[in-house]
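These notes are about the structure you will find just below.
The shown structure was predicted, so the numbers you read here are calculated from the model rather than taken from an experiment. Chain letters run A, B, ... following the sequence lines, proteins first and then strands; every chain starts at 1.
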2 protein chains.
Amino acid sequence: MTKKDACISDLKARVLALELAPGAALDEVSLSESYGLSRTPLREVLQRLAGEGYISLEANRGAVVSAMDIAAMRQFFQTAPIIYCAISRLAAENASLAQLAKLKAEQFGFTQAKAVLDAPAMALANHHFHETIGAMSGNPYLLPAMGRLLIDHTRISQRFYNASAPHDGVRITQAAHQHDLLIDAIERRSPEKAVEITLDHWALSRDEIERYVWPDPLPDDTTRRTTGEST
Amino acid sequence: MTKKDACISDLKARVLALELAPGAALDEVSLSESYGLSRTPLREVLQRLAGEGYISLEANRGAVVSAMDIAAMRQFFQTAPIIYCAISRLAAENASLAQLAKLKAEQFGFTQAKAVLDAPAMALANHHFHETIGAMSGNPYLLPAMGRLLIDHTRISQRFYNASAPHDGVRITQAAHQHDLLIDAIERRSPEKAVEITLDHWALSRDEIERYVWPDPLPDDTTRRTTGEST
DNA sequence: TGAAACCAATTTGTATACACTGTGAATACA
DNA sequence: TGTATTCACAGTGTATACAAATTGGTTTCA
């Protein structure tokens, strides 16, 4: 099973890193060759990835990486805070010690990736961190929703991590600090605190995304009719 | 693909009807023989069912029908109203005319099954009705949560439909009426109304389940210390 | 020249044979 | 008699060969 699991993890990572772009077609034979599997188990890998929302399969048409269209974005912003808060609350109530240890390890991985400025690794570590919080919730109904939100969240954030403008470094540090606070809230079994921190964490992330999507306009030298002039 | 799709639908129906009991093991060879498929496509069917939460797969151990334990029940009651309301609100906002037509057809199927007192058919028709409302929401993040809730909801309700005590008939009529109201709310694009009806619908269903789980106590002829005596 | 039909090549879907793993029963040994 | 080991069997996992379907290009006819 190890080879198959490795294939799954790697494909997930590549989707999350946007190395496999949304909408990109996946060829069974080339994938099976590159992972040293035959087509049969590779197809099962694809089925599973489809089940988790990483890719989508169409009959006789093969697999494509899940799209990220405007419609989905709208739903993403509507849905994420609700689910994230519900998950965090339940995580604070139900987390096991083993899961808490795992969470701390993942936070360590995140800070390490941050230290060496490895953008994809940071995004992936962040992904695993929040995945573990999902597992802590122990809610089998919310978990798949969380999973799908995280896929798109990580993919959107990827652009942000890669940018790594000076002020983004501060924001990433802030995010890491919120992770620490969240670990603490879960460890102390405080659902209220966990929800509060999660809302802050979401607000930060949403701002990051908004800043990327709607950046500060370029200086407009042709018309000087705008309000706030630069110094 | 038709044969494979038929297999998927049939297995789903059998899981929902509790014909395949929670925890029951599924044998690949016997299933493949009974559906006239070879093991390869049948395994893909199982992968897909696992992805949707109907069954769960364990490496080298095969497939078992998803369990319904006490822990899950608790989470079910916590989660269902939140997700159902969110879905209904979005459905009222986003439903297409084609989906609305489908919904009406499914409601017709439900009333027909009710007319002939076909309990499993009622449960399945009800399942499809709510599945379509999920599709109407157009929210790819909430949809898998909705799907998993519905699986357990239908399986729990199965016991209730089968009971078909006299007063249950009234309650089923009530549920059918709520479906009509919901269709109307969606058709008139009223999210508030849709949410209100959904809450009523959930309350009714929850009461049904509670009544089944905690039935009226049997008359206690040994001790007469209880409060309200029968007439 | 345009459109429609057909054919070939590529890719997905299915079947079968074989390999591996886990389980349970029987046997050997303490 | 109790326990541990081994072996056989049942069932899952994988590879390969073959069938079906889609796509793109080419040819043919109006």
**Item:** Carboxylate-amine/guanidinium contact B:Glu52 B:Arg148, below 4.0 Å
**Value:** no
**Asked** Rounded to the nearest 0.5 Å, how far apart are CD1 of A:Ile83 and CD1 of B:Ile82?
**Response** 8.0 Å
**Asked** For B:Arg39, which residues count as a side chain to side chain contact (heavy atoms under 4.5 Å, CB included) partner, sequence neighbours excluded?
**Response** B:Glu28, B:Val29, B:Ser32, B:Arg43
Using atom names, set out every protein N or O paired with an N or O of nucleotides 21-25 of chain C below 3.5 Å, distance rounded to 0.1 Å.
{"unit_1": "C:dT23", "atom_1": "OP1", "unit_2": "B:Arg61", "atom_2": "NE", "d": "3.2"}

Tabulate protein N/O versus nucleotide N/O from nucleotides 15-19 of chain C, keeping only pairs under 3.5 Å, one per line.
{"unit_1": "C:dA15", "atom_1": "OP2", "unit_2": "B:Ser38", "atom_2": "N", "d": "2.8"}
{"unit_1": "C:dA15", "atom_1": "OP2", "unit_2": "B:Ser38", "atom_2": "OG", "d": "3.2"}
{"unit_1": "C:dA15", "atom_1": "N7", "unit_2": "B:Thr40", "atom_2": "OG1", "d": "3.1"}
{"unit_1": "C:dT16", "atom_1": "O4", "unit_2": "B:Thr40", "atom_2": "OG1", "d": "3.1"}

**Prompt:** Do the non-hydrogen side-chain atoms of B:Tyr84 and B:Val195 ever get within less than 4.5 Å of each other?
**Reply:** no
**Prompt:** Restricting to pairs with a member in residues 87-128 of chain A, which pass ring-ring contact (aromatic ring centres under 6.0 Å, His included), not counting sequence neighbours?
**Reply:** A:Phe110-A:His179
**Request:** Show your working on side chain to side chain donor-acceptor pair (under 3.5 Å) between B:Ser30 and B:Glu33 and close with a plain yes or no.
**Result:** CA-CA 5 Å; B:Ser30 48; B:Glu33 281 168 9; over 6 Å; no
**Prompt:** Can you list every side chain to side chain donor-acceptor pair (under 3.5 Å) pair that touches residues 109-121 of chain A, not counting sequence neighbours?
**Reply:** A:Lys114-A:Thr173
**Request:** Would you mind checking if A:Asp184 and A:Arg188 are paired as a salt bridge, meaning a charged N to carboxylate O distance below 4.0 Å?
**Result:** yes
**Message:** Which residues in residues 25-34 of chain A have a heavy atom closer than 4.0 Å to any atom of DNA chain D?
**Reply:** none
**Prompt:** Can you check whether B:Phe76's main-chain N or O pairs, donor with acceptor, with B:Thr79's side chain at less than 3.5 Å?
**Reply:** no
